Amino acid sequence: MTLAKTVPEPSGPRKIGSVNVVDPETGKNLAELPVLTGSVGADTIDVRTLNGKTGMFTYDPGYTGTASCESKITYIDGDKGELLYRGIPIEQLAEHSDFLEVCHLLLYGELPNATEKDHFEKGVTYHTMLHEQINFLFRGFRRDAHPMALMVGIVGALSAFYADSSNVEDAEQRAIASYRLIAKMPTIAAMAHKWSLGQPFVYPRNDLGYAENFLHMMFAVPCEPYRVSPVLARAMDLILILHADHEQNASTSTVRLAGSSGANPFACISAGIACLWGPAHGGANEAVLKMLEEIGSYDQIHEFIARAKDKDDQSRLMGFGHRVYKNYDPRAKIMRKTCHQVLDELGVHDEPLLKIALELEKIALDDPYFVDRNLYPNVDFYSGIILRAMGIPRRLFTAVFAVARTIGWIAQWSEMHTDPSQKIGRPRQVYTGETRRDFVPLDQRG
Ligand code: CMC
């Protein structure tokens, strides 16, 4: 069966005008730069010809004012707090869809019909097992290794096992690699968990749903039956949907940059996992829980908030703030509701960390420091509490995020490979180091 399907290709943004770059001293027009527009969102100035026309570059550390590519996948309106996957609001997907449908939507641009859904699910489940030799790779890691260290290593190593789907010029091979990555990530994350516990690996069960199977591989043991709670399976599915894509965030940009050189898909996703690991990105859910545990009790909340506001203190209110959202993160609202459902299902009505989180949120949303800087709870503020309640250890939280974000990375990577304007990513710099000087022999150095 051929897996490659038509992926909506970048069609080139529309030119709606131009801006001039004028020399302030002579008033001479140095360059006319096109202004481009997409289907919705801010217009952009196309600076690709700027250097050729003026010899100058643009300077934008952290890419705060730069659109790095054209994309048809995910749209965020940070002021409104809106998130759309292929145009569909995240709230509607969270309520009516499931993770594999969302994967199809992100990858191919449309929700699947019944036949497509069946084919897609079968296609993914066919690839859930890992090459048996990969078990030996796990054995090379220390038991106390961080699960993200295992994920970076194992996913990168997939390229050594699946060379038959590593040719990025071949659409069919790209499709097979996509299915493999979506299918194998839960298996790898669950194995990383089992490795740290010293328990036997649990093989995937293709009769279970995606989230259900993930929980099964994490929590089942060979010596007794394990039944996955439907409420927890649904909560995990929701967590996966909410984290599935988020346009050109740091890890996605890393995947695109790695992919721009023609690197194989497994190496690119491994690069994305490495970037996601950081506490300012995917590591934030782990950091939120660590913070809540450190705060420990109600009476410490005010002191912690004061430290988060103090410029001389490194502490930040983890799970608050976002580069793009200057309003409540829509994913955080859904997560907040799910958090209560999960705790109810588990009969944990008075989870102390949830109480601290709720109080922290209340105080921060009223505090001028956070209000003036538009710092609202982000998706990670609640996800850690849910994951912890499900029995997932803190160190595994970012690995769960990586499982979810794999589809976003893959969809963006596939889109990049169909983009006629795609080039190897190669930014420039403002050099402020030494200018040319001569080598000094060792015996003449001071
Ligand atoms: N606690 C205290 N102050 C903060 C926080 C925070 N969580 N976030 C931002 N600020 C302050 C910051 O000190 C700065 O203040 P000032 O203007 O006085 O210097 C101002 O707000 C702007 O901050 P910034 O660092 O320039 O903003 P940014 O867009 O570069 O950073 C962020 C965005 C997410 C890295 C940051 O808000 C942060 O570190 N948040 C905590 C970590 C976190 O929750 N990350 C998860 C992000 S969502 C999941 C994901 O997409 O991966």
Side-chain angles (χ1 to χ4, degrees), residues 1-5 7 99-100 103-104 106-108 119-141 147-195 201-206 210 213-214 217 240 244 251-252 254-276 399 402-418:
M1 187 176 70
T2 306
L3 296 182
K5 276 176 62 168
V7 177
F99 180 64
L100 280 184
C103 289
H104 189 284
L106 289 168
L107 203 51
Y108 299 124
H119 280 176
F120 187 69
E121 285 177 2
K122 285 200 176 109
V124 170
T125 46
Y126 180 74
H127 287 289
T128 49
M129 277 203 329
L130 287 177
H131 192 292
E132 193 63 13
Q133 201 79 0
I134 292 176
N135 289 353
F136 295 104
L137 270 181
F138 275 95
R139 297 203 166 97
F141 285 95
M148 287 299 274
L150 271 73
M151 300 285 286
V152 170
I154 303 281
V155 174
L158 293 183
S159 30
F161 291 86
Y162 302 109
D164 61 341
S165 58
S166 292
N167 178 2
V168 299
E169 304 297 332
D170 180 331
E172 180 64 11
Q173 291 203 24
R174 290 203 303 269
I176 297 171
S178 305
Y179 278 61
R180 280 188 166 142
L181 280 156
I182 299 165
K184 293 183 197 308
M185 284 295 278
T187 314
I188 296 170
M191 284 170 87
H193 178 49
K194 290 294 190 189
W195 180 249
F201 297 136
V202 173
Y203 285 82
R205 264 186 52 191
N206 290 351
Y210 190 90
N213 178 46
F214 185 26
M217 289 188 289
L240 299 178
S251 57
T252 302
T254 302
V255 170
R256 278 189 180 255
L257 192 59
S260 76
S261 73
N264 78 70
F266 307 104
C268 294
I269 299 305
S270 172
I273 296 170
C275 178
L276 187 76
V403 170
R405 186 54 58 85
T406 295
I407 177 56
W409 292 330
I410 277 292
Q412 303 265 353
W413 172 86
S414 302
E415 184 181 65
M416 185 193 71
H417 278 292
T418 62

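Bear in mind the structure is a predicted one, so any value in this text is a computation, not a measurement.
- Between Phe120 and Tyr179, the ring planes lie perpendicular to each other; the angle is over 60°, past the 30° to 60° tilted range.
- Distance alone, capped at 3.5 Å, places no donor-acceptor pair between the Ser270 side chain and the Phe266 backbone.
- The closest side-chain heavy-atom distance from Lys122 to Tyr126 is not below 4.5 Å.
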Inset, instruction - Apply side chain to side chain contact (heavy atoms under 4.5 Å, CB included) to Ile410 and Val255, showing your working. - result: CA-CA 8 Å; Ile410 277 292; Val255 170; over 6 Å; no

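- Side chain of Trp195 to backbone of Phe141: a donor-acceptor contact under 3.5 angstrom is found.
- Counting heavy atoms from C-beta outward, Trp409 and Leu276 have side chains that approach closer than 4.5 Å.
- Asn213 contributes no side-chain N or O that, together with a main-chain N or O of Pro204, makes up a donor-acceptor pair within less than 3.5 Å.
- Distance alone, capped at 3.5 Å, is enough to place a donor-acceptor pair between the Arg174 side chain and the Val168 backbone.
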Inset, instruction - Please assess Ile134 against Phe201 for the test side chain to side chain contact (heavy atoms under 4.5 Å, CB included), listing each intermediate value before the final yes or no. - result: CA-CA 12 Å; Ile134 292 176; Phe201 297 136; over 6 Å; no

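- Within the 4.5 Å cutoff, no side-chain heavy atoms of Ile269 are placed close to those of Leu158.
- Counting all heavy atoms, side chain and backbone alike, Cys268 lies closest to Trp413 at SG-NE1, 3.8 Å.
- Heavy-atom minimum distance, Val202 versus Lys194: CG2-CE, 3.7 Å.
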Inset, instruction - Show the numbers, then the answer: is there a side chain to side chain contact (heavy atoms under 4.5 Å, CB included) between Met185 and Ile407? - result: CA-CA 10 Å; Met185 284 295 278; Ile407 177 56; over 6 Å; no

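- One N or O on the side chain of Thr187 and one on the backbone of Thr128 form a donor-acceptor pair closer than 3.5 Å.
- A donor-acceptor pair under 3.5 Å is formed between the side chain of Ser166 and the backbone N or O of Tyr162.
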Inset, instruction - Determine, stepwise, if the pair Met217 / Met191 fulfils side chain to side chain contact (heavy atoms under 4.5 Å, CB included). - result: CA-CA 8 Å; Met217 289 188 289; Met191 284 170 87; over 6 Å; no

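- Atom SG in Cys103 sits 10.5 Å away from atom OH in Tyr108 (nearest 0.5 Å).
- Taking all atoms of both residues into account, the shortest heavy-atom contact from Lys184 to Met129 is NZ-O, 2.6 Å.
- Put simply, the side chain of Thr406 gets close to the backbone of Ala402: a donor and an acceptor are under 3.5 Å apart.
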